[in-house]
Amino acid sequence: MIGIALLFIILGILIKYGKMYFLIAGYNTMSKEEKEKIDIQGIATLFRNVLFGMALTITIGYFVAKSFENSTIENIAFFAAIIIGVPYLLIASNSKKYKIRS
């Protein structure tokens, strides 16, 4: 689980600071005109924050599970991070907030 949390942190850093926007689904298939209508910096920040939050949830779940010696807690934390994080990321990144008005 810690490996998955580290992967989320690395992906967040690569998207935000490494400008690896091709990791964002659909962005690399957009035309140049469509890309100009999107606040990619804002979306990259959103991706970083959500991925970091998911990593934090998984990490906390891992350590709580170890302290209580109950692996079910670890699984619950993992699935909660995914079930909450992914839909939030999809809904928020497609909101009007990240569309540039011309």
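Sequence positions, counted from 1, serve as the residue numbers for this chain.
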Legend entry - Nearest non-hydrogen partners of I38 and M30, listed with the distance: CD1-CE, 3.1 Å
Inset, instruction - Evaluate the side-chain proximity of D39 to K97: yes if any heavy-atom separation is below 4.5 Å, no if none is. - result: no
Inset, instruction - Is it possible for you to say whether L89 and F79 belong to one hydrophobic cluster, with membership spreading through side-chain heavy-atom contacts below 4.5 Å? - result: yes
Inset, instruction - Of all the heavy-atom pairs spanning I58 and A81, show the shortest one and how long it is. - result: CG1-CB, 4.0 Å
Legend entry - Close side-chain approach of I84 and T57, heavy atoms under 4.5 Å: no
Inset, instruction - Quick one: pull up CG in L11 and CZ in F8 and give me the separation to the nearest 0.5 Å. - result: 7.5 Å
Inset, instruction - Following the transitive rule for hydrophobic clusters with a side-chain heavy-atom cut-off under 4.5 Å over Ile, Leu, Val, Met, Phe, Trp and Tyr, establish whether L23 and I82 coincide in one cluster. - result: yes
Legend entry - Rounded distance [0.5 Å steps], CD1 in I4 versus OH in Y62: 12.0 Å
Inset, instruction - For residues A5 and A55, report the shortest heavy-atom separation together with the two atoms involved. - result: O-CB, 3.4 Å
Inset, instruction - Would you mind reporting whether L46 and Y98 have side-chain heavy atoms less than 4.5 Å apart? - result: yes
Legend entry - Rounded distance [0.5 Å steps], CG in N49 versus CG in L56: 12.0 Å
Legend entry - Donor-acceptor side-chain pairing of Q41 and Y21 below 3.5 angstrom: yes
Legend entry - Student check: side-chain heavy atoms of V86 and M54 closer than 4.5 Å: yes
Inset, instruction - Identify the heavy atoms of I73 and G61 that sit nearest to each other, and give their distance. - result: CG2-O, 4.0 Å
Inset, instruction - Determine, using the 4.5 Å side-chain heavy-atom cutoff (strictly less than), whether F78 and I60 are members of one ILVMFWY cluster. - result: no
Inset, instruction - Kindly give the heavy-atom pair with the smallest separation between L51 and I15, and that separation in Å. - result: CD1-CD1, 4.4 Å
Inset, instruction - Measure across G85 and V50 and return the closest heavy-atom pair with its distance rounded to 0.1 Å. - result: O-CG1, 3.7 Å
Inset, instruction - Please answer: with hydrophobic residues joined when any side-chain heavy atoms are less than 4.5 Å apart, are L14 and Y27 in the same cluster? - result: yes
Inset, instruction - Assess K16 against F47: is NZ or CZ under 6.0 Å from the centre of the six-membered ring, and within 45 degrees of the ring's axis? - result: no
Inset, instruction - Find the distance between CG (L6) and CD1 (I10) and round it off to the nearest 0.5 Å. - result: 6.0 Å
Inset, instruction - Please answer: with hydrophobic residues joined when any side-chain heavy atoms are less than 4.5 Å apart, are I76 and I83 in the same cluster? - result: no
Inset, instruction - With K32 as reference, evaluate K35, E34, E36 under the side-chain contact (heavy atoms from CB on, under 4.5 Å) test and give the passing residue. - result: E36
